[in-house]
**Q** 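Just dropping this structure here.
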Amino acid sequence: MSEKFEKALRDIAKSKHEGHDQFIKRFEKWGQEFEQKIKEIEKMNGQFLKDIEGNIGYINSWFGKKGKQMERIFRNFKS
């Protein structure tokens, strides 16, 4: 009886260890994929900023004009 019990305990321990190993492997894979996606996003952001860098003055003036237009619209509604 004790041999069967010991074997059952060994089997349980082995199963638990295998499950732990699978979890660790999946977690490490997820971490690597996550890091890769972050690098891709950083690269895209860098390219976007590089693309718009020369147009910052235009963008600021465009938003300034739109802000003034909105002010005029709101003033007309208040009157």
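Computation of the quantities below employed the complete heavy-atom set of this structure, encompassing side-chain atoms and omitting hydrogens, waters and symmetry-equivalent molecules. We number each residue from 1, following the sequence as shown. Since the structure is predicted, the reported quantities are computational estimates derived from the model, not experimental observations.
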**Q** To the nearest 0.5 Å, what is the distance between CD on Glu42 and CD on Gln47?
**A**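 Answer for the CD-CD pair, Glu42 versus Gln47, is 14.5 Å.
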**Q** To the nearest 0.5 angstrom, please state how far the CD atom of Gln69 sits from the NZ atom of Lys65.
**A**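 Those atoms lie 9.0 Å apart.
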**Q** Any side-chain heavy atom of Glu40 within less than 4.5 Å of one from Lys37?
**A**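 Heavy-atom side-chain distance check passes, below 4.5 Å.
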**Q** Hey, are Lys25 and Asp21 close enough for a salt bridge, meaning a charged N less than 4.0 Å from a carboxylate O?
**A**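 No, no charged N to carboxylate O under 4.0 Å.
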**Q** If I take atom CD from residue Gln36 and atom CD1 from residue Ile41, how far apart are they, to the nearest 0.5 angstrom?
**A**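 Taking CD in Gln36 and CD1 in Ile41, the distance rounds to 11.0 Å.
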**Q** Once rounded to the nearest 0.5 Å, what's the spacing between atom NE2 of His17 and atom CZ of Arg10?
**A**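 Going from the NE2 atom of His17 to the CZ atom of Arg10 covers 15.5 Å.
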**Q** In chain order, what residues pass the side-chain contact (heavy atoms from CB on, under 4.5 Å) check against Leu49, with sequence neighbours excluded?
**A**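 side-chain contact (heavy atoms from CB on, under 4.5 Å) list for Leu49, sorted by chain: Ile52.
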**Q** Counting only heavy atoms not in Glu53, do more than 12 sit closer than 6.0 Å to its CD atom?
**A**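 At most 12 heavy atoms, drawn from other residues, nucleotides or ligands, come within 6.0 Å of this atom.
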**Q** Going hydrophobic residue to hydrophobic residue with side-chain gaps under 4.5 angstrom, can you get from Ile59 over to Trp62?
**A**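 Yes, it is one cluster - the side chains of Ile59 and Trp62 are joined through contacts under 4.5 Å.
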**Q** Could you measure the distance from the NZ atom of Lys7 to the NZ atom of Lys14? Nearest 0.5 Å is fine.
**A**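 Interatomic distance, Lys7 NZ to Lys14 NZ, rounded to 0.5 Å: 8.5 Å.
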**Q** Step by step, would you call His20 with Lys16 a side chain to side chain contact (heavy atoms under 4.5 Å, CB included)?
**A** CA-CA 6 Å; His20 180 265; Lys16 184 176 179 182; 5.8 Å; no
**Q** Is there a path of hydrophobic side-chain contacts, each under 4.5 Å between heavy atoms of I/L/V/M/F/W/Y residues, joining Met44 to Phe48?
**A**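 Cluster IDs for Phe48 and Met44 differ.
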**Q** Look up atom OG in Ser61 and atom CG in Asn55, then write down how far apart they are to the nearest 0.5 Å.
**A**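 That separation rounds to 10.0 Å.
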**Q** Is there a side chain to side chain contact (heavy atoms under 4.5 Å, CB included) between Gln32 and Glu35? Walk through the geometry before answering.
**A** CA-CA 5 Å; Gln32 292 168 351; Glu35 283 293 320; 5.8 Å; no
**Q** Quick one: list whatever passes side-chain contact (heavy atoms from CB on, under 4.5 Å) with Met70, sequence neighbours left out.
**A**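 side-chain contact (heavy atoms from CB on, under 4.5 Å) check on Met70 returns Ile73, Phe74.
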**Q** Could you walk me through whether Phe34 and Trp30 pass ring pair (Phe, Tyr, Trp, His ring centres under 6.0 Å), step by step?
**A** CA-CA 6 Å; Phe34 185 76; Trp30 173 83; 5.3 Å; yes
